[in-house]
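I have placed the structure first, in the form of structure tokens, so that the comments after it can refer back to it.
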2 protein chains.
Amino acid sequence: MKGSGEESGRGLGLDAVRSHNAGLVLGLLRAAGPAGAGRAELAEGTGLTPQAVSKISARLRAAGLAAPAGRRASTGGKPPGLLRLVPEAGYAVGLQLDRDEVRVALVDLAGRAVATRRAPLDFAAGGPAAVEAAAREIEAAVAGAGLGPAGVRAQDVSLPAAGGPEPAAHPATATEPAPAPDSVQVPDPVPAPDSALAPGGYGTGALWGVGCAVPGPLDHRSGVMGRVTGHPEWEGFPLRAALAARLGLPVVLDKDTNAAAVGLAAESGGSFAYVHVGTGLGAGLFLGGALHRGARTGAGEFGHQVLLLDGPRCRCGARGCAEVLCLAAVARGDHGGAARVLGEAVANLAALLDVDRVVLGGRAVEAAPETYVREVAEVLSARAPGTYRVPVRAAPASAVVTGAAELVLTETFTPPRT
Amino acid sequence: MKGSGEESGRGLGLDAVRSHNAGLVLGLLRAAGPAGAGRAELAEGTGLTPQAVSKISARLRAAGLAAPAGRRASTGGKPPGLLRLVPEAGYAVGLQLDRDEVRVALVDLAGRAVATRRAPLDFAAGGPAAVEAAAREIEAAVAGAGLGPAGVRAQDVSLPAAGGPEPAAHPATATEPAPAPDSVQVPDPVPAPDSALAPGGYGTGALWGVGCAVPGPLDHRSGVMGRVTGHPEWEGFPLRAALAARLGLPVVLDKDTNAAAVGLAAESGGSFAYVHVGTGLGAGLFLGGALHRGARTGAGEFGHQVLLLDGPRCRCGARGCAEVLCLAAVARGDHGGAARVLGEAVANLAALLDVDRVVLGGRAVEAAPETYVREVAEVLSARAPGTYRVPVRAAPASAVVTGAAELVLTETFTPPRT
DNA sequence: TGCGCTTTCGCAACAGCGTTGCTTAAGTGG
DNA sequence: CCACTTAAGCAACGCTGTTGCGAAAGCGCA
């Protein structure tokens, strides 16, 4: 009955305030990286009082999510004590079920993948088989990283670091209280969306949940699959519930394009579109600080916009869709032509939504990233009404898996708007 | 320094909680209409405790924004006391500056226009002249309705009701404390976005502000005009500041399409697109409970999406824009053809954003509303991927002016999501 | 008519949020 | 060596929604 917003009623209580502000501070800490941030800049960045930041920081330190990170040089007074995020305080699993493979990424709170796996997948075998295959890959990744039910703390294990080596510049008073190393707490299987920072909730090294990214239509709220093109056997399969039951973890289900968008938003914020060129054309829309899923999780159906009235017929029934034009060019190996068609479609989108930037991804883009970025940017600047140029870049191939993990982490972090 | 969110920092405080919850209750009261609503359903609708609703209601009654509205029949226990919105507790001015006329609507808290005016406007005369003309119309409308600096209370004056007669069904214990009838408080000229409900803020019958809707590009945050097509003399004109200085009232500036969308959202909520067919094609996007303006108030540039690659050249420089195709048909008098082109563009939009419904407006639509609604709905259902059909309807011709006033009122009311 | 039941609703006490006022700590710079 | 500056925390405060409980008010059955 409290402020934990159901869906229609969204009355706020004190807990909502605490959760929001803590998420804001965590978002800033995350953006600050291992160097950490001072309380003054946290206060500046959040609009809160320094004293409020102190109280929130104390709660975060008590929860093990933040730790002191030394002091910065003085600017004439007492040098500020820095605070940093403790990345190994929690992990999220990113799971990508694609048409031919399954990918898994174990991601820490800083957003870094500490373990990744990929394996072939027979998508046509249907939901239960895919759940089983995914669960095995997840368990292997978690076990390999030294986490999971066995209960070994993360920092005791040497992990195959994905990124570069961490700049170990913490000459600090490492007062990290080293919580009881005996067990790893697994959160409640039922998702508790905004109570992540309740005192005592979660534990160091715990798995916070699984974010699952799949292509095709689905319902985000219920976690049930829709009619995946070419795979009618998936329609109506309750993928989220099946994964949650199999793994004993909270699961968030979303389209692959949405997962990538959420992941990219954690890096840079703002409002933008992630455009995916794979089996079809799709887009993830991050607008005004939040992902836009639409009324029925159908937003981002970007490929079936008509670009050429009376053009060739598309599998969707219409004529001259961007998808049929673009994929025909890809099939010919004409990435330049595909990119120009894509550019027109993206320009339509950019004009309609006034996005800050555009990020391209998907297998076709990975095949020739420079071509796509160049051609799309070209069309965009030719079509832009004013002098403003929308930046275009390509996403890494891992954007979807990593973003899937971010679906879980986003519930705790509130990214600072840019 | 408090929770009144600037732009980047959005730390919440108690005041934000109060403001949000009060807005939620006011939104429900507004939706309930003159019949009023019981405390239990307000608690249900907000997710708050009945006791919290009681406290909030007491504040609203003290502020004059809500009043008792009798009792509902018992369901076996003590009959609930009803609460209703007091529409005459405040007014907002809606101002529409179009290319050939100025329109003004004085709107009460219930969203009803209690006075309207329209007059020719020489848009080419530039900003200052338009401001002066608009100010005169506003003053005339306010004086005619018995409000304004003279300070006559609204309920003492017979108003030219725009809608039907109000169903006077209030057999209640009218305990309305009748605040001092001597003066009408005019709010601070500097907008105070979310402190509208501070005890003692605003007064009964007061003007809360002016919402100004104009075509063409502008910056919502700064209130400065951009390059209006065909009227370069408007570029850079600080319309919001000029109006605020001339009128001594807070002013909100936005595109006409956005104003209409906000106004329509107040009626029915949800997420939808308002599509305007006038001098150009534009759209107002109400997504996920909030208007989407985009990074530079440029969202809704709906007309310059390319529908026909290598089609006829548009004034924007591209080829085959929806606008050039649609307006060519309108110029021929071929509303059916224009509507079908519009339908394709709307279908692109609906697929991309997964909206609940589409509302059509603008002069071309007013000329043949049934044709546009029918043809657009036809294209939409032909292109819809699933069985879901997006409802299409036409907006009244007053949608933009009324919505402009709603730009002001929205800061106080939080519409319940649907 | 009387009594039990249901529902409404407000008073009073409460826990928890960020804020304010003030004190103490820990550096820099003349 | 002593102002001066900046940082950080303790304590009190105002305010939020919440909880507990009792009074008020109508229904329905004996």
Side-chain angles (χ1 to χ4, degrees), chain A residues 1-5 9-25 36-44 46-62 68-83 173 175 194-195 197-199, chain B residues 1-5 9-25 36-44 46-59 61-62 68 70-83 173 175 194-195 197-199:
Chain A
M1 307 297 178
K2 296 212 288 186
S4 306
R10 356 193 266 294
L12 294 183
L14 287 317
D15 52 346
V17 173
R18 177 185 60 205
S19 188
H20 177 95
N21 289 343
L24 216 49
V25 171
R39 287 166 173 75
E41 56 191 293
L42 293 176
E44 173 71 18
T46 57
L48 295 169
T49 302
Q51 183 66 10
V53 174
S54 278
K55 286 189 176 182
I56 294 169
S57 307
R59 287 200 297 264
L60 295 179
R61 275 191 290 129
R71 321 189 79 93
R72 182 169 291 159
S74 166
T75 61
K78 174 177 176 177
L82 299 176
L83 207 67
T173 42
T175 334
D194 50 1
S195 63
L197 297 174
Chain B
M1 307 299 175
K2 296 212 287 186
S4 308
R10 353 191 271 293
L12 294 183
L14 286 319
D15 52 346
V17 172
R18 178 186 58 203
S19 188
H20 177 94
N21 289 342
L24 216 50
V25 171
R39 286 167 174 76
E41 56 192 292
L42 293 175
E44 173 71 16
T46 57
L48 295 170
T49 304
Q51 183 65 9
V53 174
S54 280
K55 285 189 175 183
I56 294 169
S57 307
R59 287 201 296 266
R61 276 190 291 128
R71 321 190 79 93
R72 182 169 292 158
S74 165
T75 62
K78 177 177 175 178
L82 298 177
L83 206 67
T173 42
T175 333
D194 51 0
S195 64
L197 297 176

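Values below: every heavy atom of this structure, side chains too, minus hydrogens, waters and symmetry copies. Chain naming here is simple, since letters A, B, ... match the order of the sequence lines and numbering starts at 1 in each.
- Checking dG18(C), dG17(D), dG27(C) against every side-chain atom of V17(A), the shortest atom distance belongs to dG18(C).
- For the OP1/OP2 pair of dT7(C) and a distance below 4.0 Å, the side-chain nitrogens and oxygens of R71(B) include no atom meeting the criterion.
- For the pair S74(A) (side chain) and G77(A) (backbone), a donor-acceptor distance under 3.5 Å is present.
- Contact check for P80(B) versus R72(B): side-chain heavy atoms found under the 4.5 Å cut-off.
- Distance L48(B) CG to dC9(C) C1': 16 Å, rounded to the nearest Å.
- A close approach under 4.0 Å does not occur between any side-chain nitrogen or oxygen of T49(B) and OP1 or OP2 of dG17(D).
- You'll find the side chain of N21(A) stays beyond 4.5 Å of the side chain of T46(A), heavy atoms only.
- When heavy atoms are screened at a 4.0 angstrom cut-off, G81(B) is found touching the sugar-phosphate backbone but no base atom.
- Contact between the side-chain N/O atoms of S54(B) and the OP1/OP2 oxygens of dG10(C) is found at a separation under 4.0 Å.
- Here dG17(D) presents its P atom at 12 Å from CG of D15(A), a figure rounded to the nearest Å.
- Rounded to whole Å, the distance from CG on N21(A) to P on dT16(D) is 17 Å.
- In the interface, the side chain of Q51(B) is not paired with the base of dC21(D) through any donor and acceptor atom under 3.5 Å apart.
- Each of L48(A), L24(A), V17(A) was evaluated against L12(B); a single residue qualifies, V17(A), per the side chain to side chain contact (heavy atoms under 4.5 Å, CB included) test.
- Residue T75(A) places no side-chain N or O under 4.0 Å from the OP1 or OP2 atom of dT6(D).
- One can place CG of L14(A) at 17 Å from P of dG14(D), the figure rounded to the nearest angstrom.
- Rounded to a whole Å, the CZ atom of R18(A) is 18 Å from the C1' atom of dT19(C).
- Counting to the nearest Å, the C1' atom of dG18(C) and the NE2 atom of H20(A) are 13 Å from each other.
- Across the interface with DNA chain C, nearest-nucleotide mapping of A52(A) and P80(B) shows P80(B) to be the residue nearer the 5′ end.
- The phosphate of dG18(C) (OP1 or OP2) has a side-chain N or O of R59(A) nearer than 4.0 angstrom.
- The CD-P distance, from E41(A) to dT6(D), rounds to 16 Å in whole Å.
- The distance from atom CG of L83(A) to atom CZ of R61(A), rounded to the nearest 0.5 Å, is 7.0 Å.
- Considering only side-chain N and O atoms, R39(B) lies under 4.0 angstrom from the phosphate OP1 or OP2 of dG10(C).
- Judged by closest nucleotide on DNA chain C, P79(B) is the one of P79(B) and K55(B) placed further toward the 5' end.
- Note: NZ (K78(B)) to P (dA25(D)) measures 6 Å, nearest angstrom.
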